[in-house]
Amino acid sequence: MPKQDIPKAYEARDYEDDIYATWEKSGFFNPDNLPGERKETFSIVLPPPNVTGTLHMGHAVMLAIEDIMVRFNRMRWRKTLWLPGTDHAAIATSTKVETILYKTEGKTRHDLGREEFLHRVEKFAQDSHDTIVNQCRKMGASLDWSREAYTLDAARNMAVNAAFKKMYDDGLIYRGYRVVNWDPLGQTTISDIEIVYKEVEATLYTFRYSKDFPISISSTRPETKVGDTAVAVHPEDERYKSFIGKTFENISFAGTMISIKVVADDSVDPTFGTGALGVTPAHSLIDADIAKRHGLAMKQVIGEDGNMTEAAGPLVAGKTTKQARETVVDWLRQEGLIEEEEKTIQNLATAERSGGVIEPMPMLQWFIDVTKEFERDGKTVTIKSLTQTAVRSGAIKIIPERFEKGYFQWVDNLRDWCISRQLWYGHRIPAWYRHEEIFIGTQPPEGEGWQQDSDTLDTWFSTGIWTCSTLGWPEQTSDLSTYHPTSVLETGYDILTFWVVRMVMMTTYLLNEVPFKTVYLHGLVRDELGRKMSKSLDNIINPLDMIASYGADATRLSLVIGSTPGNDTKLSVAKVAGYRNFTNKLWNISRFVLMSVGEVRHIAESELQPQTLADRWILSQFHLLQREITDHLEAYEFSQAGEKLRDFTWNQFADWYLEIAKIQKGSTTDHILLYLLERLLAYWHPFMPFVTETIWKQIDPEQLLMVHEWPLSPEPLIDLHAQRLFVQLQESIVAIRNIRSQHGVAPKQKINVIVVGQTTMQEHPEVVRALAGVESLVFQNEIPSGEYTSSVVGEIQLFVSLEGLVDKEQEHLKLTKERESTWKYAQSLEQKLANQEFVSKAPEQVVASMRANHAEALKKLTLIDSQLNSVARS
RNA sequence: GGGCGGCUAGCUCAGUUGGUUAGAGCGCCACAUUGACAUUGUGGAGGUCACAAGUUCGAAUCUUGUGUCGCCCACCA
């Protein structure tokens, strides 16, 4: 593109797709193709998006942050891998397709049959996958597509089976008949974390099983009481002590016969209700625990269809739980057994996906035993202890740190994990049965008559081994040895417990190493009302809309700058628009540099020949900046790095140096301009890859910015003296501008300035003239007579001749105000300095600077006084 | 019930081990319109850092308590 053809405004949509195609074609997303020797590695595995639809802003944040990490590390000359993939998300996808199926065709999955249903799900998953991949590209994500994985593909299926077999062989996976969370609507088990509690109104009935029974109990679900086998009381409860250990046989209750043993259990709260708890071992996880402790019988009275079973007795058998409840309450009323009815708010357990009401019931399922002891490196450990140690030892660092507490809280309370699901979409459990035999393997067993378990695995089982399965495990691939453990896991804090814990659990056990060294948790992107964006709320903003309007770069910046890890952010269109303005600013800065310099080329450090104060200042500032932002990025402080870069780019480079460059033309200036532009583009590249790569073509059409080495001067040119002097010059110029502004002088109107005293301005009169709109600049030692308005900068007094523009009263007021604040400040400093203890304890630097400030404030005071006098005289 | 977090300018939020007179972006007010950029420039106003007590020479920052909003976990049967 010839110089003069650079458009005035940057239109993202004109460039982004082409740039992404160029990157992809270059092959550099794949670390095998990266140029140069690279000793260190940096690897991230993309948290696989669910193939349930499209990406939302939460994904956009994830992609933006991870791409910044990845591009930064790639430029830092590390062997950098970002591995993409998608998650079949068994229950979520299955539920979604079932919903669509029911809406459009009025059918259930059972109407279609396993094969046809799976076909439909796969079609849906494929479409969704393609959409997701396209959206990742639009965001500019530099993912190595050649390594893309899917939780349900052949390699991952192999890894899942291998993990299952290993855990089974080690006795960490077992099949057992236990009370699990059953979702009658979704017709599957679910784990504890897939439960969501809903507040509903309920009636708490207090009653006795029969007139003869000595203890009253309370329940919101009287229908389950036909399954009771015990009443639990607190061991110290005097009211019931005499009954402990007794069994009441053959109680006639709601049409069936029950027998109730009174047991003492510490978990019972004697102050709640009657202090006695009817124990229903088959339909409550808590009661099941009590039953286990006391060896109580289990009686299942609710079936998988959610209706009462035959065992519940003829009065309620076959009825829904709701009907059964009415029946039992009616029966209790007739028998006069109800003692109290009380309206309460009940937390109803429902399934996250289907919304069905959870019915705990005993079933034969597969579990991971988290407390089974085994040997590891000569120590006795459990899966639970390994998971705790990984973070406690510092092998894994969580950012922000405070989430470690939540991690431990959750791991400490970990219970055996039910991993089997009665779904069709997912990893089939690698267990085969023949009569009494059972076979576990990665391949089906030899011989006739084997039947594979019809259940599938919880989706988190396969994502739990995601870092290693994507890198080739169980094969000992070179990818696995090169990139595992991965450097960072970047994800939302909302799935810390769902996923992060599971990954640590599974991976530390299987590979005896952590899955990642750092966990970076981003916050949630909320809508303008502060609500969580979610599929179910249907308030998802498509990131593609933002990209279409303002560009991917602006979208990325708006999601990264001004937000901190672990904290939520509200999305506003104005913010995105603001960063679009900044991308355009960078474009125009570049446009100016490229059009004003003689020859566009790389400038080496050694070619710099700073001459003027401005040269020395901007280079010094820049060299401070490069250290700061590199440190910030290494420390995952993206927002701060971005803010500092923005400040330098706009407020220092554009607003000051570029303006000065216009009046100090020459090859020295050109070199500095090019030097800074090139490096700024490199620094901005991780944040805004598209616009920087587009501009970069003008500087170097041969090499992509994406694989440019991160610039960092070995010997920084930090010139504190130049910085101090330049700040003085800036302040002087601002002071003159201020005076002009206060008196409404048009920017083009030149004014005459007389400066009293020694000042940096003296050495840079042309800069002052150009940047402050000054015609004649005169330096003298005495205060001149005549009409002047004046302002004070440090110890320099400016007299700006502005005939007829002086507003005496306003000036007086302003000076008085200024005097007051200066006096207050001087007083406060004086007080502190008078304090002996302070002077002895405070650091020298602080005391010295306070002394200096105090002296300066006193000088300023005398100047203000003289000005006040002159204003009053005239 | 247990735990965690927020409360800083009109709005959205930074503020890294306590240290000069607390910051940014947006918004607002005034002025400016052909030479990189109006997706702009220049200048300005605006804050008892939720409240209270304490520690300290010094607190937005540390301690304790209070208020308020939010999140997570538990689930009282």
Side-chain angles (χ1 to χ4, degrees), chain A residues 6 8-10 193 197 204 217-221 224 232 267-269 271-274 276-280 284-287 290 344 346-347 349 400 402-403 405-406 409-410 413 493-494 496-497 524 530 532 550 554 561-564 566-570 572 574-575 577-596 632 635 637 639-640 643 646-647 651 654-655 658-659 662 734 737-742 744-748 772-773 821-822 824-825 828-829 831-833 835-843 845-850 852-854 857:
Chain A
I6 302 174
K8 286 181 85 162
Y10 172 69
I193 48 179
Y197 289 95
L204 181 66
I217 56 158
S218 300
S219 178
T220 51
R221 300 198 58 187
T224 64
S267 69
V268 178
D269 176 2
T271 64
F272 182 83
T274 62
L277 164 64
V279 183
T280 323
S284 156
L285 287 150
I286 305 277
D287 292 8
I290 295 174
T344 60
Q346 186 194 12
N347 269 333
R402 69 180 135 93
F403 280 92
K405 201 156 184 170
Q409 187 189 324
W410 203 78
N413 296 318
Y493 68 78
D494 54 327
L496 177 71
T497 50
L524 304 177
K532 189 171 165 178
Y550 303 109
I561 297 184
S563 69
T564 43
N567 290 330
D568 296 349
T569 45
K570 284 181 197 165
S572 80
K575 196 172 172 187
Y579 284 110
R580 185 272 317 267
N581 295 355
F582 179 69
T583 58
N584 188 58
K585 184 75 183 179
L586 185 64
W587 176 263
N588 275 290
I589 288 168
S590 311
R591 184 165 174 256
F592 169 76
V593 173
L594 295 172
M595 296 204 303
S596 68
H632 278 313
E637 293 158 359
S639 178
Q640 296 190 50
E643 275 178 46
R646 185 191 188 279
D647 177 68
N651 303 336
D655 289 350
L658 254 44
E659 293 305 320
K662 287 174 186 170
V734 169
R737 285 174 179 169
N738 188 354
I739 292 163
R740 298 177 55 115
S741 177
Q742 278 171 10
V745 182
K748 278 189 160 179
S821 69
T822 311
K824 256 170 107 174
Y825 177 47
S828 73
L829 287 173
Q831 266 177 20
K832 284 181 191 167
L833 287 165
N835 188 323
Q836 288 298 326
E837 227 176 329
F838 164 71
V839 175
S840 60
K841 281 189 187 174
Q845 272 184 318
V846 176
V847 177
S849 76
M850 281 174 71
N853 288 331
H854 182 241

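So you know, we letter chains A, B, ... as the sequences are listed, proteins then strands, and number each from 1. Scope of the values below: all heavy atoms of this structure, side chains included, with no hydrogens, waters or symmetry mates.
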message: Contact between A:R591 and A:Y10 at the side-chain level, heavy atoms closer than 4.5 Å - yes or no?
response: no
message: Measuring only the P atom in each nucleotide, how far is B:rG23 from B:rU16? A whole number of Å is fine.
response: 14 Å
task: Look through every strand shown and name the nucleotide pairing with B:rU68 as Watson-Crick or G-U wobble, where both distances are under 3.5 Å.
output: B:rG6
query: Heavy atoms under 4.0 Å, any strand shown: does A:Y197 hit a base, just sugar-phosphate, or nothing?
result: base
task: Select base, sugar-phosphate, or nothing to describe what A:T564 touches, counting heavy atoms under 4.0 Å on all strands.
output: sugar-phosphate
query: What about A:K405, does its side chain sit under 3.5 Å from the base of B:rC4 through a donor-acceptor pair?
result: no
task: If B:rC62 has a Watson-Crick or G-U wobble mate with both distances under 3.5 Å, name it; if not, just say none.
output: B:rG54
field: Derivation of the salt bridge (charged side-chain N to carboxylate O under 4.0 Å, His left out) call for A:E643 and A:R646
entry: CA-CA 5 Å; A:E643 275 178 46; A:R646 185 191 188 279; over 6 Å; no
message: Taking atom types as they are modelled, would you say the side chain of A:K585 forms a donor-acceptor pair with the base of B:rA38 within the 3.5 Å cutoff?
response: no
field: Rounded interatomic separation in angstrom, taking CZ from A:F582 and P from B:rU40
entry: 11 Å
- prompt: Of the nucleotides B:rA14, B:rG25, B:rA36, which has the atom closest to the A:N651 side chain?
  reply: B:rG25
message: Need one value for A:S590: base, sugar-phosphate or nothing, where a base atom within 4.0 Å counts as base even if backbone is also close, heavy atoms only.
response: nothing
query: Between the main-chain N or O of A:V279 and the side-chain N or O of A:D287, is there a donor-acceptor pair closer than 3.5 Å?
result: no
- prompt: Is there a donor-acceptor pair closer than 3.5 Å between any side-chain N or O of A:N588 and the backbone N or O of A:N584?
  reply: yes
- prompt: Atom CD of A:E643 and atom P of B:rA24: how far apart are they, to the nearest Å?
  reply: 10 Å
message: Looking at B:rA14, I'd like to know if its phosphate oxygens (OP1 or OP2) sit under 4.0 Å from a side-chain N or O belonging to A:N567.
response: yes
- request: Kindly point out which of B:rA77, B:rC37, B:rA36 is positioned nearest to the side chain of A:F592?
  value: B:rA36
message: OP1 or OP2 of B:rU40 versus the side-chain N and O atoms of A:N581: is any pair under 4.0 Å?
response: yes
query: B:rC26 and B:rU42: how far apart are their P atoms, nearest whole angstrom?
result: 12 Å
message: Any base atoms under 4.0 Å from A:G562, or only sugar-phosphate, or nothing? Heavy atoms, all strands.
response: sugar-phosphate
query: So which one's nearest nucleotide on RNA chain B is more toward 5', A:E659 or A:T569?
result: A:T569
task: Using a 4.0 Å heavy-atom cut-off across all strands, classify A:Q346 as base, sugar-phosphate, or nothing.
output: sugar-phosphate
Any-strand Watson-Crick or G-U partner of B:rA74, both distances under 3.5 Å: none
query: Contact class for A:I217 vs. all strands (heavy atom < 4.0 Å): base, sugar-phosphate, or nothing?
result: nothing
field: B:rC49 - base-pair partner by Watson-Crick or wobble geometry, distances under 3.5 Å
entry: none
- prompt: How close or far is atom P of B:rC13 from atom CG of A:L524, stated in whole angstroms?
  reply: 13 Å
- request: Just compare B:rA36, B:rU39, B:rG25 and give me whichever is closest to any side-chain atom of A:I589.
  value: B:rA36
message: Starting the side chain at C-beta, find the nucleotide from B:rA36, B:rA77, B:rA74 nearest to A:N347.
response: B:rA74
field: Pair assignment for B:rA30, Watson-Crick or G-U wobble, requiring both distances under 3.5 Å
entry: B:rU42
message: Can you confirm whether A:I193 sits close enough to A:W410 that some side-chain heavy atom of one is under 4.5 Å from a side-chain heavy atom of the other?
response: yes
query: If you look at every strand shown and take non-hydrogen atoms under 4.0 Å, does A:V734 touch a base, only sugar-phosphate, or nothing?
result: sugar-phosphate
field: Separation of the C1' atoms in B:rG19 and B:rA38, to the nearest angstrom
entry: 43 Å
field: Candidate nucleotides B:rU39, B:rC37, B:rG41, ranked by approach to the side chain of A:K8 - the nearest
entry: B:rC37
- line: Here the distance between atom P of B:rC71 and atom CG of A:D494, to the nearest Å, is 13 Å
Expected output: side-chain A:D568 to main-chain A:L524 donor-acceptor under 3.5 Å: yes
- request: Output yes when a side-chain donor or acceptor of A:S741 lies under 3.5 Å from a complementary backbone atom of A:R737, and no otherwise.
  value: no
- prompt: Taking the side chain from A:T344 and the backbone from A:Q346, do they hold a donor-acceptor pair closer than 3.5 Å?
  reply: no
query: If you check every side-chain atom of A:N588, which of B:rG25, B:rC75, B:rA36 has the closest atom?
result: B:rA36
- prompt: When all nucleic acid strands are considered with a 4.0 Å heavy-atom cut-off, which category describes A:A654: base, sugar-phosphate, or nothing?
  reply: base
task: Round to the nearest Å and state the distance from A:R402 atom CZ to B:rU17 atom C1'.
output: 17 Å
field: Inter-nucleotide C1' distance (B:rA45, B:rC7), Å rounded
entry: 25 Å
message: Whether the side chain of A:N413 engages the backbone of A:Q409 through a donor-acceptor N/O pair (distance < 3.5 Å, no angle test) should be reported.
response: yes
message: Could you tell me how far apart A:D647 (CG) and B:rG15 (C1') are, to the nearest whole angstrom?
response: 15 Å
message: Taking only the C1' atom of each, what is the distance from B:rU21 to B:rG3 in whole angstrom?
response: 40 Å
message: For a quick check of understanding: with a heavy-atom distance under 4.0 Å over all strands, which category does A:S572 fall into, base, sugar-phosphate or nothing?
response: nothing
query: Can you tell me how far P in B:rA77 sits from the matching atom in B:rA59, rounded to whole Å?
result: 50 Å
- request: Let me know the distance between NE2 of A:H854 and P of B:rC57, rounded to the nearest Å.
  value: 21 Å
- prompt: For the side chain of A:V268, counting heavy atoms from C-beta on, which of B:rU16, B:rC75, B:rA77 is nearest?
  reply: B:rA77
field: base_contact_polar (B:rA74 base, A:Q409 side chain, donor-acceptor, <3.5 Å)
entry: no
message: Please classify the nucleic acid contact of A:R646 as base, sugar-phosphate, or nothing, using heavy-atom distances under 4.0 Å.
response: sugar-phosphate
Complement of B:rA24, any strand, by Watson-Crick or G-U distances under 3.5 angstrom: B:rU12
message: What's the gap between B:rA30 and B:rG46 when it is taken at their C1' atoms, as a whole Å value?
response: 15 Å
message: Can you see if the side chain of A:K662 gets near the phosphate of B:rA36 - specifically, an N or O under 4.0 Å from OP1 or OP2?
response: yes
message: Does a side-chain N or O of A:R580 approach OP1 or OP2 of B:rU39 to a distance below 4.0 Å, or not?
response: no
message: With rounding to the closest Å, how many angstrom separate the P atoms on B:rC49 and B:rU8?
response: 11 Å
task: Nearest whole angstrom, please: distance from the P of B:rC29 to the CG of A:N738.
output: 20 Å
